[in-house]
Each structure stands twice: as structure tokens, then as C-alpha cells.
Amino acid sequence: MQLPIAVLVSGSGSNLQAIIDAAAADPSFGARIVTVISDRPDIRGLDRATAVGIPTRVVPWGEAPDRVAFTNAVCDAAEEAGATALVLAGFMRVLSKEAVDRFPNRILNIHPALIPSFPGAHGVREALEHGVKVTGVTVHFVDEHVDHGPIIAQTAVPVLAGDTEESLHARIQVEEHQLYPRVVKAFANGRLSVNGRTVIWEGETL
Ligand code: GRF
């Protein structure tokens with residue numbers, strides 16, 4: 001039985017594509033994308049889903065009266081599609097606590113920095129401005145705080161002399177596209193559990 005997941009996107013959807021490709025290539029991937037949900041129309045991420053026949057839903061941020069209503073609308077859309085877990089892949093809206101209540105330890109997020117450093121919407125730029133020599137990628141479970149939940153996996157990415165936000169983000173994304181499908185597969189195959197802030201792996205970690 002494959003885990004039915006909803007992937008949430010706000011932009012280009014390159015991580016979504018990596019998950020689509022991994023699922024298509026690997027019979028033991030263990031997860032099936034039942035819907036792709038966006039907070040805005042006309043984004044490449046939605047086109048990527050449509051191109052392979054995955055149903056999409058737009059839950060417009062601007063039409064929700066508040067964050068709780070928006071969050072519940074996103075969760076409703078996921079549940080209506082049959083999803084039992086959410087995979088945030090460049091989703092630029094903060095979900096309220098209601099999402100965690102409805103999908104406890106069943107929401108994954110990817111962040112383009114090494115949490116707890118540089119949370120928020122500008123993790124790449126802020127790492128560069130701070131002058132760190134190493135940054136990277138974090139995949140974590142979502143809790144009620146932004147970019148804060150239990151860490152599942154991280155990959156380090158060196159900051160090179162002359163890096164711009166764009167060049168650094170491009171190298172980070174290469175690692176994201178490797179890491180996220182592997183974590184989704186492990187989660188879908190029931191290999192991850194959470195005890196407090198600690199993620200416990202059954203079998204080998206990545
Ligand atoms: C990724 O860098 C991800 O870490 C961040 O937003 C970006 C989304 O990229 N949360 P894409 O839409 O998957 O191409």
C-alpha cells in the first residue's frame with residue numbers, strides 16, 4: 001500500500017519534480033502523490049503536476065479571511081484527495097497549528113539552510129550575508145514554529161568565494177533534489193518516527 005501524499009508548492013516546483021521522478025523510477029518508493037496544492041495559480045509547479053496527470057488544487061492565500069481558515073482549506077483539499085501526509089516543497093505560506101493538529105508528525109518541509117541557522121523566507125541570502133563558510137539543506141518534520149520541527153536529515157553545502165544568492169541556491173538545490181526524495185521514501189516506508197525532538201530511523205540513516 002503506497003502512502004498517499006499531498007505536495008504543497010508556491011513556485012517552480014523543482015523539488016516536486018525530483019519526487020515525481022523518484023517515484024516513477026523506483027517501484028519501492030512507497031508514496032503516491034495524490035494532489036499538488038498551491039497558494040497561487042499560474043506557477044510552474046502546477047504545470048509539472050498536470051504534465052504527469054496529478055490533480056492540482058489552488059487554495060488562494062488572498063481569499064482566506066485568516067491564516068487558520070487558509071490552513072484548514074489546505075488541509076481539507078489534501079484530505080479530499082485522500083492524502084494522509086503533507087510534503088512542503090517550496091510552499092511559501094506558514095501554516096497555522098491546525099495543520100500540525102490534523103497531520104501530527106505527518107508534515108515534511110525542506111529548508112535551504114542548516115536549521116537552526118537562517119530560518120525563514122531568505123535562508124540562502126542570510127547565510128551569505130552572515131559570511132558562513134558552510135550552509136546546506138534541512139529536511140524536517142513541521143511543528144507549530146517556522147522551520148523548527150525535528151530534523152530528519154541535513155546536507156552541507158560549502159559557500160564559495162564569489163557566490164551570489166543565485167549561485168549558492170543553485171548548488172543547494174542540487175542537494176535538495178537528492179535529499180528530499182530519499183527522505184520521502186524513508187518516511188513512506190515507515191522508517192521514521194519521532195520522540196520529542198529526536199527523529200529515530202529504523203535501519204540505516206541516509
Ligand atoms: C527550495 O530551495 C526550498 O528549500 C525552499 O524553496 C525552494 C523551492 O524550490 N523552501 P522549488 O520550487 O522546489 O524549485
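What you see is a predicted model; the values in this text were computed from it and never measured. Just so you know, ligand 1 is whichever comes first in the structure, and atom 1 is the first atom listed for that ligand.
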With S14, the side-chain hydrogen bond (donor to acceptor under 3.5 Å, both in side chains) member among R44, H177, R48: H177
Can you name the residues that come within less than 4.0 Å of ligand 1, going by heavy atoms only? S12, G13, S14, N15, G90, I110, H111, P112, H169, Q173, E176
Over 60° means perpendicular and under 30° means parallel, so tell me whether F91 and F70 are parallel, tilted or perpendicular. parallel
Considering non-hydrogen atoms only, spot the tightest contact between V184 and F29 and give its length. CG1-CZ, 3.8 Å
Between N15 and E176, is there a side-chain donor-acceptor contact under 3.5 Å, judged purely by atom types and distance? yes
Can you check whether I115's main-chain N or O pairs, donor with acceptor, with T138's side chain at less than 3.5 Å? yes
Atom CG of L179 and atom OG1 of T155: how far apart are they, to the nearest 0.5 Å? 4.0 Å
